[in-house]
K.L.:
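Okay, handing you the structure first.
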Amino acid sequence: MTTFAELGVDQDIVEALSARGIIDSFPIQEQTIPLGLPGQDIIGQAKTGTGKTFGFGIPVVQRLGLDPSPGVKALIVVPTRELAVQVYEDIDMLTQNRSTSVVAIYGGKAYEGQIEQLQAGAQIVVGTPGRLIDLAGQRLLDLSGAVEVVLDEADKMLDLGFLPDIEKIFQKLPAVRHTQLFSATMPGPIVTLARRFMSNPIHIRANDPDEGLTQANINHLVYRAHSLDKDEVIARILQAEGRGKTVVFTRTKRAAQKLMDELGDRGFSVVAVHGDMSQEARERSMAAFKAGKKEILIATDVAARGIDVDDVTHVINHTIPDDEKTYLHRAGRTGRAGKTGIAVTFVDWEDLHKWALINRALEFGQPEPRETYSSSPHLFEDLGIPAGVRGRLSTAPRTETVKTAAGGSDRAARSDAPRRRRRRSEGSAPADAVSVPAEHGAERAAETDGQGTHDGSGKGHHDGNAAPARRRRRRRAPRTGGAPTVG
DNA sequence: AAAAAAG
């Protein structure tokens with residue numbers, strides 16, 4: 001392993017990194033930093049969770065040097081607000097031993113603080129396109145001196161949804177500049193398009209050629225969702241002992257909200273992030289998940305790219321993503337920085353063609369998703385769920401839909417799952433005899449209410465609100481013993 | 001077609 005100092009990184013940046021326990025460099029960093037430092041334009045491609053941010057971030061910070069003059073000299077554009085926050089934090093960390101100032105510019109937040117920081121002379125801007133264009137249009141953000149430019153998740157930034165915004169932004173940038181584009185996925189046509197914004201870029205692929213396209217340390221499991229109750233199976237996965245942080249992806253905002261309500265009703269400690277939530281609630285969710293205060297994150301594809309959370313052990317695709325790129329990015333929330341992870345995907349009947357596409361593109365060699373059913377032993381074996389938990393869970397009471405006037409009692413009756421888990425990890429008696437602590441229901445209700453459904457701002461009354469969703473809940477008769485209909 | 005991104 002090469003140290004950062006050996007790559008030519010300034011001592012104060014090396015110290016900032018080591019203060020965070022970062023000593024050794026990753027392959028993408030070894031390849032891009034020595035080129036980025038002298039100003040080479042780079043298209044940098046490396047798998048998820050292998051250190052791309054520092055691959056471009058260190059050269060950006062170092063090239064600005066110790067120039068104290070105020071004004072924007074570097075611009076880093078990212079596709080989501082949460083990623084803007086994260087990249088801002090990473091870059092800010094790199095500058096901790098020098099005076100370079102960094103600001104995050106993104107929507108859903110008050111203008112005031114962001115404008116103040118710009119007027120105070122911020123030198124590095126990390127932001128999302130909408131707010132950047134907004135502030136540039138108001139002459140509150142001057143990009144004409146941004147000689148360091150990065151598109152993170154570059155293929156996303158150059159796809160149809162973002163391209164017009166990106167073109168507007170590039171029009172405001174100086175012609176002579178250092179431009180870097182990074183992503184785990186870089187389709188050929190996008191590389192061609194990207195060259196329009198760069199001068200003689202080098203395309204760096206930090207991928208071992210005989211490795212596959214996917215991360216070797218992520219175990220990919222794919223099941224057809226036909227003959228099983230997805231919510232039920234996901235609940236059981238979430239009950240597993242030894243499961244760490246888990247991200248559950250859905251296709252729509254509504255589905256995310258619904259699943260959060262469902263799991264919340266079962267007593268799981270969950271947070272959600274999707275575009276129908278207030279920005280404040282989104283950031284609260286991410287902070288709780290990152291800190292480990294909440295172990296389950298329900299998300300739309302807003303969280304598919306770039307989000308770096310330590311020790312995510314499982315990614316669950318409640319709905320299969322539309323294409324192989326999204327699949328790769330979603331799965332890549334686990335198995336980061338050399339750790340292992342499991343990605344579980346449920347394929348609905350109408351989505352079989354999507355699996356065919358992803359399977360072919362990523363060369364999984366598994367043309368059909370595995371057949372499984374709600375209490376299938378092999379499913380839980382695959383997932384590494386301990387036998388004891390499995391046995392107990394398969395007999396978990398699944399009757400319900402008690403309609404009560406006061407939501408408290410029926411809710412308590414249903415929330416056996418995490419109680420079980422907690423008791424067992426304490427090594428105590430079987431949980432069936434244990435009653436739910438009184439405060440449990442109330443605590444959870446408060447959490448649910450705090451997650452963006454109503455944020456007190458009077459807006460954001462998106463469909464699929466918590467309360468109606470809860471009332472709507474009804475479960476079919478329990479699948480008796482899960483008599484499989486394996487095809 | 002959905003999600004994201006300004007409000």
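In what follows, every chain begins at residue 1, and chains take the letters A, B, ... in the order their sequences are listed. What you are looking at is a predicted structure, and each value in this text was computed from that prediction instead of being measured.
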K.L.:
I want to verify a distance call: between dA3(B), dA6(B), dA4(B), whose nearest atom is closest to the Lys156(A) side chain?
P.N.:
dA3(B)
K.L.:
In plain terms, say whether Lys325(A) and Asp159(A) are close enough for a salt bridge, that is, a side-chain N and a carboxylate O under 4.0 Å apart.
P.N.:
no
K.L.:
Determine whether the aromatic ring centres of Trp355(A) and Tyr223(A) lie less than 6.0 Å apart.
P.N.:
no
K.L.:
Describe the nucleic acid contact of Gly107(A) in one word from base, sugar-phosphate, nothing, applying a heavy-atom distance below 4.0 Å.
P.N.:
sugar-phosphate
K.L.:
Regarding Phe249(A), tell me which of base, sugar-phosphate or nothing describes its non-hydrogen contacts under 4.0 Å with the strands shown.
P.N.:
nothing
K.L.:
In this structure, how many angstroms lie between the P atom of dA5(B) and the CZ atom of Arg305(A), rounded?
P.N.:
13 Å
K.L.:
Would you classify Asp301(A) as touching base, sugar-phosphate or nothing, given that sugar-phosphate means primed atoms plus P, OP1 and OP2, and contacts are heavy atoms under 4.0 Å?
P.N.:
nothing
K.L.:
Do Leu140(A) and Gln119(A) have side chains that get closer than 4.5 Å, going by heavy atoms?
P.N.:
yes
K.L.:
Indicate whether OP1 or OP2 belonging to dA4(B) is found under 4.0 Å from a side-chain N or O atom of Thr128(A).
P.N.:
no
K.L.:
Could you tell me how far apart Asp322(A) (CG) and dA3(B) (C1') are, to the nearest whole angstrom?
P.N.:
9 Å
K.L.:
Let me know the distance between CD1 of Ile169(A) and P of dA6(B), rounded to the nearest Å.
P.N.:
9 Å
K.L.:
Over how many whole Å does the gap from Asp155(A) atom CG to dA4(B) atom C1' extend?
P.N.:
14 Å
K.L.:
Separation of Arg251(A) atom CZ from dA3(B) atom P, in whole Å?
P.N.:
7 Å
K.L.:
Compare the minimum distances between each of dA3(B), dA6(B), dA5(B) and the side chain of Thr252(A), then state the nucleotide with the smallest one.
P.N.:
dA3(B)
K.L.:
Over how many whole Å does the gap from Phe162(A) atom CZ to dA5(B) atom P extend?
P.N.:
7 Å
K.L.:
Taking CZ from Arg282(A) and P from dA3(B), how many angstroms apart are they, rounded to a whole number?
P.N.:
13 Å
K.L.:
With distance as the sole criterion, is a donor-acceptor pair present between the side chains of Gln86(A) and Asp90(A) under 3.5 Å?
P.N.:
no
K.L.:
To the nearest Å, how far apart are Asp351(A) CG and dA2(B) C1'?
P.N.:
12 Å
K.L.:
Phe249(A): which residues meet the ring pair (Phe, Tyr, Trp, His ring centres under 6.0 Å) condition with it, sequence neighbours left out?
P.N.:
none
